[in-house]
Engineer: 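Sharing a structure with you now.
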Amino acid sequence: MDPVRNPYAPGAGQRPPELAGRDRELQQFEVVLERVARGRPERSMIITGLRGVGKTVLLNAFRSMAIQRLWGTGKIEARPEQSIRRPVASALHMAVRELAPRHRAPDRIERFLGVLKAFAQAGEEPSGRSRARAHRWQPGIDVPVVRGRADSGDLEIDLTELFVDAASVATDVGVGIALFVDEMQDVPGDDVSALCAACHELSQIGGPLIVVGAGLPHLPAVLSASKSYSERLFRYSRIDRLDRESADIALLAPAERENVTFTPDALDALYQAADGYPYFVQAYAKVAWDVAPDTPITAEDVRVAAPEAESELAVGFFGSRYERATPAERDYMRAMAMLGDEGDSPVATSAVAEELGRKPSSLSPARDGLIKKGLIYSAERGLVAFTVPHFGRFLRAQPT
């Protein structure tokens, strides 16, 4: 089989050749776009799921849908302990630049950019230095700063005013603005509160600006802890592994475009190996294609390919994450793996402490460090689970 023609794409956030099994979410977002376009009230949207289920891919697909409707769009990727002020400023700058050529009043665009510039400069330097140096940061906006709007230094006030002004610009053009936030669980607590407050204000005034976030399964709890009304503020969508039919489509559709197919036994073997997780489907299929001598790809080809695929996953998908953990954090994860089942269900923190022969309070730094690094999440009070599917299986296979 020609590796150059291999259609499968096991990359971080890389769109697969066939986006299968996500029709419901795509239709939901289509409804959101249409309702906002008609001036109907609509909630912003949150996508949650484990690593490797395609959250970033879906977020990018949503953005493409908004762009096709001539919306202004911007995207940020949240990082732990980094304020969203400047990333949001850059994203909204991009969104409004997309709308500017169609706006009939250049002075309105210029004024908004002046407000945006003031908003971006109102925060502290990343190192925590005072606002005295903040004005040195330039967001690439060649207009005078507009003072007295979105520049108080209080992110909740400033973000709300900025969103309202951005929505007003979009209203002038007759479209909407969509801000996409990846890894949303990493937004600092105060910034999450500010983001929720700004979205709440937009929902009350019907402004055509929506926030679409993607994050790990505990993101709804993060939002709820920030603002109690967040449960009603967003439309939540949890995505998981693909069902068998969708996984088969993800495999067959791109192959058949290259005049290649799989035997039924090969599809059985691939589904069993990948367990329906989209990233794993792409990873195993890519290697199976490369080792297969000819079409159709058989179960024997999958059997030969499996060790290589698993080796690549062990290094790039599992190993790279494991290496980020400290020795104490690795001990914590190994204990979780020993207690978990094949599906890596949530385990009790008290059971982890018992497995390690330690007091639960002494393990808090390791647990909190793993949560901050995005390796585990708190499924509910007293329970923790891996953010990466099959991570427990990977750890159980490692030599002690």
Engineer: Please verify the inter-ring angle class for Phe317 with Phe280; under 30° counts as parallel, over 60° as perpendicular, anything in between as tilted.
Structural biologist: perpendicular
Engineer: Check the side chains of Glu183 and Gln185 for a donor-acceptor pair under 3.5 angstrom, ignoring hydrogens and angles.
Structural biologist: yes
Engineer: Would you call Arg108 and Asp172 a salt bridge, taking side-chain N to carboxylate O under 4.0 Å as the test?
Structural biologist: yes
Engineer: Under a 4.0 Å threshold between the charged nitrogen and the carboxylate oxygen, would Lys117 count as salt-bridged to Glu110?
Structural biologist: no
Engineer: Does the pair Arg111/Asp107 count as a salt bridge with the N-to-O cut at 4.0 Å?
Structural biologist: no
Engineer: Between Asp186 and Lys373 (salt bridge meaning N to carboxylate O under 4.0 Å), is one present in this structure?
Structural biologist: no
Engineer: Could you tell me whether the side chains of Arg303 and Thr298 share a donor-acceptor contact shorter than 3.5 Å?
Structural biologist: no
Engineer: With the threshold set at 4.0 Å, does a side-chain nitrogen-carboxylate oxygen contact exist between Lys286 and Glu312?
Structural biologist: no
Engineer: Between Glu231 and Arg43 (salt bridge meaning N to carboxylate O under 4.0 Å), is one present in this structure?
Structural biologist: no
Engineer: Under 3.5 Å, is there a donor-acceptor pair linking the side chains of Ser246 and Asp243?
Structural biologist: yes
Engineer: Would you please classify the geometry between the Tyr377 ring and the His218 ring as parallel, tilted or perpendicular, with 30° and 60° separating the classes?
Structural biologist: parallel
Engineer: Should the ring pair His390 and Tyr277 be called parallel, tilted or perpendicular, given that the plane angle runs from 0 to 90° and is split at 30 and 60?
Structural biologist: perpendicular
Engineer: Is it the case that the side chains of Tyr322 and Arg334 hold a donor-acceptor pair, with the cut-off being a distance below 3.5 Å and no angle test?
Structural biologist: yes
Engineer: For a 4.5 angstrom cut-off between non-hydrogen side-chain atoms, does Glu245 reach Ile249?
Structural biologist: yes
Engineer: Could you tell me whether Arg85 and Asp158 have a side-chain N and a carboxylate O separated by less than 4.0 Å?
Structural biologist: yes
Engineer: Check the pair Glu329 / Lys372 against salt bridge (Lys or Arg N to Asp or Glu O under 4.0 Å), numbers first and verdict last.
Structural biologist: CA-CA 11 Å; Glu329 291 166 353; Lys372 287 180 180 179; over 6 Å; no
